[in-house]
Each structure stands twice: as structure tokens, then as C-alpha cells.
Amino acid sequence: MPRGVIDYAALAGPEAQALRAKAPDGALPFDIRRIGHVVLYVADLERAVDFYTRVLGFRVSDVYPDTMMDGGMVFMRCNADHHGVALVGAGAPPGERAGMHHMAFEVATVDEVLKARAWLEANGVGILFEGRRRAGAQVAVEFRDPDGHWLEIYWGLDKVPEGPDGPAGADGPGEKPAIRPPGEWREVFSLEDALDDAPPGQDTTLADPSLRRDRGIGRP
């Protein structure tokens with residue numbers, strides 16, 4: 001069909017209508033409120049950071065050298081969130097590993113991350129990571145969708161406080177935003193450890209403590 005043509009018959013057809021009818025099957029125990037951040041593989045990290053800063057106006061929050069992340073990693077923000085885009089150097093020729101590393105969805109409470117873990121497992125979704133990584137300080141569970149895309153549900157991503165020159169990170173000459181220093185980073189591999197070993201300033205008190213799991217008890 002030529003570009004620009006609207007196929008009214010197909011839009012009203014059973015396949016399109018069946019897709020439109022897809023909806024959550026009842027109330028979920030958590031509520032994704034927005035796409036929080038996207039992490040992308042890039043072929044040339046310096047070139048990509050130059051583009052996102054100089055052309056699109058993003059600001060750098062944190063950097064991992066390749067001793068901490070294969071190819072290096074740069075966390076970038078366009079608002080108060082510690083990162084809305086992060087870039088991972090692929091260490092390969094252009095195009096060979098360009099694409100998505102993972103996409104993350106934000107929930108409003110830390111309780112919802114624990115509820116999401118249980119819900120995913122109940123629906124046969126394997127948990128690939130749970131706990132807390134380093135920069136950004138969010139509490140998260142990570143998993144794959146049916147096509148293999150790596151996804152994350154998280155709470156508690158650091159905010160970069162607003163400065164005198166405007167929104168968070170609008171770093172004017174001489175301005176240094178208050179970003180959590182590496183000495184306050186935490187990396188743990190269970191949600192319970194993430195609750196118990198929170199970085200300074202983050203309150204991980206559960207509204208429902210029964211969501212915790214006993215130490216040493218694995219996932220089903």
C-alpha cells in the first residue's frame with residue numbers, strides 16, 4: 001500500500017480490533033507510571049556523548065570507565081532524574097552492537113518493586129537481577145520480555161537538586177550539581193539487601209513489611 005494511505009478497512013478489521021482490546025487482566029499489584037530511562041549500546045562512546053550533550057542538550061551525571069563496565073558507560077540527564085538516557089560503549093565497529101541495552105519503568109513506591117517481583121514470578125517471568133546497582137541508587141528488578149528485551153522496574157532513582165541557574169543540572173559556568181558521590185554507591189543482589197543497605201538519604205521503609213522474604217530462601 002502506498003505511503004500516506006489510511007487503510008480504514010484494516011483499522012476496523014478483526015486483527016487491529018483484537019490488538020486494541022488487549023488490556024490488563026484485572027488490577028496489578030503495582031502501577032508503572034512512566035518510562036523512566038533507556039540505556040543504549042553505542043559504537044563510539046565519545047562520539048555518542050558529544051551528540052547527546054552538544055546536539056540534544058543532555059548533561060552528564062556519572063561515568064563508568066571500562067574497568068567497571070565493558071566499553072564504558074555514561075549516565076545522562078535532561079531533568080532532575082539522575083539519568084534518562086545512559087550509553088554503553090560497545091567496543092565494536094559501528095552498527096555491530098548499536099541498539100537497546102535495556103529500558104526501565106518507574107513505580108511510585110518501594111513496596112511495588114517487591115510486589116512486581118512476586119507478580120513476574122507468578123506469571124512465569126524469570127528475574128535476572130534484583131537489588132541495587134551503583135550510580136543512580138534505584139531499587140530494581142530486571143527481566144526479559146518474550147522477545148528478549150531486557151527490562152527493569154525500579155523505584156528511588158536519585159534526583160539532582162535544582163541549582164540557581166534553572167532546572168536540575170542546568171550547569172552554568174562554575175556550577176557543580178550535587179550528584180551522589182561514588183563513596184555512597186551500593187551494589188547488592190537481593191531486594192531485601194537493598195532495603196537494609198540503603199544509601200544516605202533514601203528511605204526504604206516498607207508500608208507492608210510482609211513483602212520481605214526470609215534470608216536464604218530462593219525464588220520459586
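Values reported hereafter were calculated over all heavy atoms of this structure, with side chains retained and with hydrogens, waters and symmetry mates removed.
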Where do F105 and I35 land on the side chain to side chain contact (heavy atoms under 4.5 Å, CB included) test, with the steps shown first? CA-CA 5 Å; F105 307 114; I35 296 174; 4.0 Å; yes

Distance (rounded to the nearest 0.5 Å) between [X] [atom1] and [Y] [atom2]:
{"X": "L87", "Y": "M76", "atom1": "CG", "atom2": "CE", "value": "6.0 Å"}
{"X": "L151", "Y": "M100", "atom1": "CG", "atom2": "CE", "value": "6.0 Å"}
{"X": "L206", "Y": "T109", "atom1": "CG", "atom2": "OG1", "value": "8.5 Å"}

Do you know which two heavy atoms are closest between [X] and [Y], and how far apart they sit?
{"X": "H82", "Y": "A135", "value": "CE1-CB, 3.9 Å"}
{"X": "I179", "Y": "V60", "value": "CD1-O, 4.3 Å"}
{"X": "C78", "Y": "F58", "value": "CB-CE2, 3.7 Å"}
{"X": "P29", "Y": "K115", "value": "O-CD, 3.0 Å"}
{"X": "A10", "Y": "A16", "value": "O-CB, 3.4 Å"}
{"X": "L45", "Y": "G71", "value": "CD2-O, 3.7 Å"}

Taking [Y]'s backbone N and O only, do any of them form a donor-acceptor pair with [X]'s side chain (distance below 3.5 Å, no angle check)?
{"X": "E130", "Y": "L191", "answer": "yes"}
{"X": "N123", "Y": "W119", "answer": "yes"}
{"X": "R213", "Y": "S190", "answer": "no"}
{"X": "D62", "Y": "F75", "answer": "no"}
{"X": "R132", "Y": "W185", "answer": "no"}
{"X": "S61", "Y": "H83", "answer": "no"}
{"X": "D66", "Y": "M69", "answer": "no"}
{"X": "D111", "Y": "A207", "answer": "yes"}

Is [X] linked to [Y] within one hydrophobic cluster, defined over Ile, Leu, Val, Met, Phe, Trp and Tyr using a side-chain heavy-atom separation of less than 4.5 Å?
{"X": "L157", "Y": "I32", "result": "no"}
{"X": "V63", "Y": "Y52", "result": "yes"}
{"X": "V113", "Y": "M103", "result": "yes"}
{"X": "L128", "Y": "V188", "result": "no"}
{"X": "V38", "Y": "V55", "result": "yes"}

More than 12 non-hydrogen atoms from neighbouring residues, nucleotides or ligands closer than 6.0 Å to [atom1] on [X], yes or no?
{"X": "L28", "atom1": "CG", "value": "yes"}
{"X": "Q17", "atom1": "CD", "value": "yes"}
{"X": "E46", "atom1": "CD", "value": "no"}

Check D158 with R77, please: is the shortest side-chain N to carboxylate O separation under 4.0 Å? no

Can a salt bridge be assigned to the pair R33 and E112 using a cut-off of 4.0 Å between side-chain N and carboxylate O? no

Student check: side-chain heavy atoms of [X] and [Y] closer than 4.5 Å:
{"X": "L56", "Y": "V85", "answer": "no"}
{"X": "P182", "Y": "R134", "answer": "no"}
{"X": "H37", "Y": "E152", "answer": "yes"}

Evaluate the side chain to side chain contact (heavy atoms under 4.5 Å, CB included) criterion for residues Y154 and E106: first the C-alpha distance (whole Å), next the side-chain angles of each, then the deciding distance (0.1 Å), finally the verdict. CA-CA 5 Å; Y154 75 90; E106 184 182 56; 3.5 Å; yes

Begin from the C-alpha positions of D81 and K159 and carry the test side chain to side chain contact (heavy atoms under 4.5 Å, CB included) through to its verdict. CA-CA 5 Å; D81 286 359; K159 302 292 184 182; 2.3 Å; yes

Before you tell me yes or no, could you show the steps for I153 and F143 under side chain to side chain contact (heavy atoms under 4.5 Å, CB included), namely the whole-Å CA-CA distance, both residues' side-chain angles and the distance that decides it to 0.1 Å? CA-CA 9 Å; I153 292 176; F143 52 97; 3.8 Å; yes

Does a donor on one side chain and an acceptor on the other come within less than 3.5 Å for R186 and Q202? no

